[in-house]
Structures are given as structure tokens and as C-alpha cells.
Student: 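Once you've had a glance at the structure underneath, I'll fire off some questions.
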Amino acid sequence: DPAAKYVAASATSVAVKRLAISAASGTSDSIVSIAPTPSGTENDNANISSIVFYVDSGSVPGQVDGTDVRLVSTPATFSADNTKTVFTFSNPIQITQGAAVNVLVVYNLGAGATNAATLIQTIAVVGDAVTGSGTAVTKTATASAAITIDNAPTVSSALARQPSFS
């Protein structure tokens, strides 16, 4: 998963979750939909302007970079605050037998995102990722690291984010 981080309101391409999805043993398949559940203190419906999915095939795992493949999905936003929403891909993600596909869940934040609010994204239960064959591929609960909105970073908050070398 992408690491915990601080971002500003209106930040774009904020990777919040990375899923490694494999087909069942001995088969190839495709992912037709993913249903993440947002949580945290930010109003996901009002202050996330869009949710975008990428096949994370670039040179920097867990971050959107120039060679990641953007997936077209509907809808483009969460249906309500802290409510699971099913995003269906117009072109399903192909999964080759014996290989994993890494999918990034990415948020574009609205200007109204609240200072000090958090964004957390969860793939919670079997069935949150569904294949063309109808087989659920997510079998364990997994939550992202917290993304904290920091609209007015101070010297002390910036220093708090720096690694310590003790």
C-alpha cells in the first residue's frame, strides 16, 4: 500500500490503496468491478472530486507515474460518505494465469477538503473485487494507510513528517 502521507486540498493523483489481484489457480480471468469502502473523517462524497483506478505497471510502485494505465470506470465518485460504492470498468482488467495485476485506487481531492481530516480506503470483504467469471478475488480485509489533509503546513508539521535517523 502507499505510505501514510499529508496532502493539500485539491491534491490530484493521491494513491490511497494498491491491490495485488491474482486469478484462481490454473485460470485466467478479468476484473469487472471493484467496490472500495471509504472511511476516515473527510466527507468522501462531498470532497473527493473523483476516484480513478490505474493498473500500476510503472517504474514507481504505489504511485501514479507516466506508464501506469488508467482504467475507465463508472461512477466517478462515491455515492455517499463512508459508503461502499461499486465501480465497474468499461474494459475489464485482464489477469493472466499465474500472474498478479496491481491496481491503484487514486483520489482527486476537491478544494473543500477539510484541514486535518483523514482519508482511509478499505477493501473489506469477499466480493469487493469481482471477476468476469463471477469469482470473488478479495479474501481478506485490508485497509490503507491514513492520508491526512494539511492545508496549511507549518514548520512543526513539516518536521513531524521527516524521517528520524536515531
Student: To the nearest 0.5 Å, how far apart are OG in S79 and NZ in K84?
Tutor: 11.0 Å
Student: Taking all non-hydrogen atoms of both residues, which atom of T114 and which atom of E42 are closest, and how far apart?
Tutor: N-OE1, 2.7 Å
Student: Are the side chains of L104 and Q63 in contact, using a 4.5 Å heavy-atom criterion?
Tutor: no
Student: To the nearest 0.5 Å, what is the distance between CZ on F53 and CD1 on I34?
Tutor: 5.5 Å
Student: Is there a continuous path of hydrophobic side-chain contacts, each under 4.5 Å between heavy atoms, that joins V14 to F87?
Tutor: yes
Student: Is P38 close to Q121 at the side-chain level, that is, under 4.5 Å between some pair of heavy atoms?
Tutor: no
Student: Just by distance, with hydrogens left out, do N82 and S39 show a side-chain donor and acceptor under 3.5 Å apart?
Tutor: no
Student: State, to 0.1 Å, how close A11 and V7 come at their nearest heavy-atom pair, and which atoms those are.
Tutor: CB-CB, 4.1 Å
Student: To the nearest 0.5 Å, what is the distance between CG on N102 and CG on D68?
Tutor: 10.0 Å
Student: Give a yes or no on whether the backbone of V103 and the side-chain of K17 come within a donor-acceptor separation of less than 3.5 Å.
Tutor: no
Student: Considering non-hydrogen atoms only, spot the tightest contact between P75 and T85 and give its length.
Tutor: CG-CG2, 3.8 Å
Student: Only pairs at least two apart or in different chains count here, so list each ring pair (Phe, Tyr, Trp, His ring centres under 6.0 Å) that has a residue in residues 94-123.
Tutor: F78-Y107
Student: Quick check on the hydrophobic clustering: are V86 and V72 connected, directly or via other members, by side-chain heavy-atom contacts under 4.5 Å?
Tutor: no
Student: Nearest 0.5 Å, what's the CD1-CG distance between I93 and L19?
Tutor: 9.0 Å
Student: Within the side chain of S49, is there an N or O that forms a donor-acceptor pair under 3.5 Å with the backbone of N108?
Tutor: yes
Student: For D65 and S59, which heavy atoms make the closest approach, and how far apart are they?
Tutor: OD2-N, 3.2 Å
Student: Looking at A8, is its backbone amide N or carbonyl O close enough to the side chain of D150 to form a donor-acceptor pair, meaning the two atoms are under 3.5 Å apart?
Tutor: no
Student: Picking from I48, I51, V105, what satisfies side-chain contact (heavy atoms from CB on, under 4.5 Å) with V16?
Tutor: V105
Student: If you group Ile, Leu, Val, Met, Phe, Trp and Tyr by side-chain heavy-atom gaps below 4.5 Å, do V55 and I95 land in one group?
Tutor: yes
Student: How close do A9 and G110 get, counting heavy atoms only, and between which atoms?
Tutor: CB-O, 3.8 Å
Student: If you measure from CG on L109 to CG on N47, what distance do you get to the nearest 0.5 Å?
Tutor: 8.5 Å
Student: So, do R18 and P2 sit near enough that their side-chain heavy atoms are less than 4.5 Å apart?
Tutor: yes
Student: Within a strict 4.5 Å, meaning less than it, do heavy atoms of the V69 and Y54 side chains meet?
Tutor: no
Student: Has T118 got a side-chain atom pairing as donor or acceptor with G40's backbone, closer than 3.5 angstrom?
Tutor: no
Student: What's the spacing between D81 CG and N45 CG if we round to 0.5 Å?
Tutor: 7.0 Å
Student: Decide whether V106 and V101 are clustered together by the hydrophobic rule: side chain heavy atoms of Ile, Leu, Val, Met, Phe, Trp, Tyr closer than 4.5 Å, transitively.
Tutor: no
